[in-house]
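Within every chain, numbering begins at 1; the chains are lettered A, B, ... in the order of the sequence lines, protein sequences first and strands thereafter. All values reported here derive from a predicted model rather than from experimental measurement.
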Amino acid sequence: MPELPEVESARRTVEEGALDREIADVDDSDTWECRPHAPGEIRDALRGRRLVAARRRGKSMWCETSDDGPLLGLHLGMSGRILVTGPDGERTEGGDWLGGRYGGGAERSDRKPEWDRFTITFADGGSLRLFDKRRLGRVRLDPDLDRLGPDAQQVRVGEFRERVGRGTAPVKARLLDQSVVAGVGNLLADETLWQARLDPRRRVDTLDRDELTGLHRALRRATTAAIRRGGVHTGEVVAHRTPGGRCPRCGEEMQRATVGGRTTWWCPAEQV
DNA sequence: ACTCGTGTTAGCTG
DNA sequence: TCAGCTAACACGAG
């Protein structure tokens with residue numbers, strides 16, 4: 001499910017396939033996904049315009065629209081995908097990342113049209129859809145991006161140490177806080193902490209400068225690798241987050257607990 | 001039937 | 001006031 005790497009993939013899907021096409025119609029009738037907008041509000045704001053750029057910060061993405069139109073915010077939530085079809089109606093891009101609990105192998109059920117929560121129909125006959133089984137995604141005009149921290153892939157080491165090291169929360173909770181650094185989800189957090197050999201329960205006020213520096217390096221590396229390999233589920237330790245799973249470096253049995261409100265797996269021998 | 005979950009956030013607590 | 005935590009959100013999968 002979407003963390004920063006998957007959202008970056010969705011952003012590229014839009015950038016490569018959905019820009020500069022005239023918007024003929026918009027189905028924004030899913031009032032939950034499009035809240036707090038009333039039905040028709042997003043349609044009226046977009047019709048006749050074009051998407052002209054696709055941007056991303058952390059897990060949030062948005063499109064700029066032509067003629068000084070509003071920003072179109074798209075958040076994939078936990079199960080959202082962006083699907084773009086060309087003028088012939090065939091899928092050209094998107095929805096192709098695999099793996100995870102709701103990924104891969106579910107293509108047949110994935111076609112259910114009622115899981116299309118938001119659809120832009122272009123004048124050429126193609127479309128852009130937000131497909132979202134669990135309905136935890138969001139579509140909104142001019143989304144509030146001010147509360148997001150710097151993007152996890154772009155944040156510089158000094159700012160990272162300053163932001164992540166502040167407070168007393170467990171380091172994993174700090175990484176998951178989107179206002180601290182934007183883009184880290186549960187799997188990327190576990191992968192990063194494993195790469196950095198840090199115990200996810202460590203309070204950030206016990207981390208020294210070198211540990212924070214190493215954490216920053218691990219995060220950038222894990223994020224870049226996940227984007228390159230096609231998703232956060234390709235992380236080295238992710239497949240071992242399971243009962244009886246063993247650390248792929250040392251063979252110790254992985255430990256499980258809830259940290260920062262999320263299921264957390266780590267190697268008790270190496271992550272200290 | 002019942003629990004869990006790759007995300008976000010309102011609301012509670014110390 | 002604020003940092004930190006919990007429950008709730010919606011709903012499919014195991």
Next on the checklist: Counting only side-chain nitrogens and oxygens, does His75(A) get under 4.0 Å of the OP1 or OP2 atom of dG7(B)?
Outcome noted: no
Checklist outcome for this item: From CD of Glu114(A) across to C1' of dA10(C) the rounded distance in Å is 14 Å
Item to check | Base-paired stems that DNA chain B participates in, counting runs of 3 or more Watson-Crick or G-U pairs under 3.5 Å | outcome: B:2-5 with C:11-14, B:7-14 with C:2-9
Checklist entry - What residue among Arg197(A), Arg217(A), Arg203(A), Arg202(A) forms salt bridge (Lys or Arg N to Asp or Glu O under 4.0 Å) with Glu211(A)? => result Arg202(A)
Checklist entry - What heavy-atom pair brings Gln271(A) and Leu198(A) nearest, and what distance separates the two atoms? => result NE2-O, 2.9 Å
Checklist entry - Does OP1 or OP2 of dG4(C) have a side-chain N or O of Thr168(A) closer than 4.0 Å? => result yes
Next on the checklist: Just to verify, which of Asp27(A), Asp132(A), Asp28(A) counts as forming a side-chain contact (heavy atoms from CB on, under 4.5 Å) with Arg117(A)?
Outcome noted: Asp132(A)
Next on the checklist: What contact category does Pro170(A) fall into here, base, sugar-phosphate, or nothing, at under 4.0 angstrom with non-hydrogen atoms?
Outcome noted: sugar-phosphate
Item to check | Nearest-Å distance for atom pair CE/C1', residues Met78(A) and dC4(B) | outcome: 9 Å
Item to check | Residue met sooner reading DNA chain C from 5', once Ala169(A) and Leu136(A) are mapped to nucleotides | outcome: Ala169(A)
Next on the checklist: Check this for me: does the side-chain of Arg134(A) come within 3.5 Å of the base of dG7(B) through a donor and an acceptor?
Outcome noted: no
Item to check | Atom pair distance, as rounded to whole Å: CZ in Arg140(A) and C1' in dT8(B) | outcome: 12 Å
Next on the checklist: Under 4.0 Å, counting only non-hydrogen atoms across every strand here, what does Arg256(A) touch: a base, just sugar-phosphate, or nothing?
Outcome noted: sugar-phosphate
Item to check | Enclosure of Asp144(A) CG (heavy-atom neighbours >12, cutoff 6.0 Å) | outcome: yes
Checklist entry - Nearest to the side chain of Arg174(A), which nucleotide is it out of dA10(C), dG4(C), dG7(B)? => result dG4(C)
Item to check | Any Thr263(A) side-chain nitrogen or oxygen under 4.0 Å from OP1 or OP2 of dG5(B) | outcome: yes
Checklist entry - Asp142(A) side chain to Leu71(A) main-chain N or O, any donor-acceptor pair under 3.5 Å? => result yes
Item to check | Phosphate OP1/OP2 of dA3(C) contacted by Arg166(A) side-chain N/O (<4.0 Å) | outcome: no
Next on the checklist: Whether Trp115(A) contacts dC11(C) is assessed here as follows: a side-chain N or O lying under 4.0 Å from the phosphate OP1 or OP2. Is that the case?
Outcome noted: no
Next on the checklist: According to a hydrophobic-cluster definition based on side-chain heavy atoms being under 4.5 Å apart (Ile, Leu, Val, Met, Phe, Trp, Tyr only), do Val171(A) and Trp194(A) belong together?
Outcome noted: no
Checklist entry - How is Arg241(A) classified with respect to the nucleic acid when contacts are heavy atoms under 4.0 Å: base, sugar-phosphate, or nothing? => result nothing
Checklist entry - How long is the line joining CD of Glu6(A) and C1' of dG7(B), in whole Å? => result 12 Å
Next on the checklist: With side-chain contact (heavy atoms from CB on, under 4.5 Å) as the test, pick out the partner of Thr223(A) among Leu188(A), Asp151(A), Thr192(A).
Outcome noted: Leu188(A)
Next on the checklist: Membership question, hydrophobic clusters at under 4.5 Å side-chain separation (ILVMFWY): are Val238(A) and Val184(A) in the same one?
Outcome noted: yes
Item to check | Whole-Å distance separating the CZ atom of Arg35(A) from the C1' atom of dG7(B) | outcome: 12 Å
Checklist outcome for this item: The correct set of residues in residues 146-162 of chain A placing a heavy atom under 4.0 Å from DNA chain C is none
Next on the checklist: Both Val204(A) and Arg117(A) contact DNA chain C. Which one's nearest nucleotide lies toward the 5' end?
Outcome noted: Val204(A)
Checklist entry - Is there a donor N/O on one and an acceptor N/O on the other, under 3.5 Å, for the side chain of Arg262(A) and the base of dG5(B)? => result no
Checklist entry - Within less than 4.0 Å of OP1 or OP2 of dG7(B), is there a side-chain N or O belonging to Lys59(A)? => result yes
Item to check | Nearest-Å distance for atom pair CD/C1', residues Gln178(A) and dA3(C) | outcome: 17 Å
Checklist entry - For Leu176(A) and dT9(B), what is the distance between atoms CG and C1' respectively, to the nearest whole Å? => result 14 Å
Next on the checklist: At 4.0 Å (heavy atoms only), tell me whether Gly77(A) reaches a base, stays on the sugar-phosphate, or touches nothing.
Outcome noted: sugar-phosphate
Item to check | Qualifying residue, where the test is salt bridge (Lys or Arg N to Asp or Glu O under 4.0 Å) with Arg55(A) and the options are Glu8(A), Glu64(A), Glu15(A) | outcome: Glu64(A)
Next on the checklist: Among dC5(C), dC9(C), dG7(B), which nucleotide has an atom closest to any side-chain atom of Trp32(A)?
Outcome noted: dC9(C)
Checklist entry - Should the pair Arg81(A) and Trp115(A) be classed as cation-pi, given the thresholds of under 6.0 Å to the six-membered ring centre and 45° from the axis? => result no
Next on the checklist: Measure CG/Asp132(A) against C1'/dG5(B) and give the value in whole Å, please.
Outcome noted: 14 Å
Item to check | Check: Arg229(A) side chain, Thr234(A) main-chain N or O, donor-acceptor pair, under 3.5 Å | outcome: yes
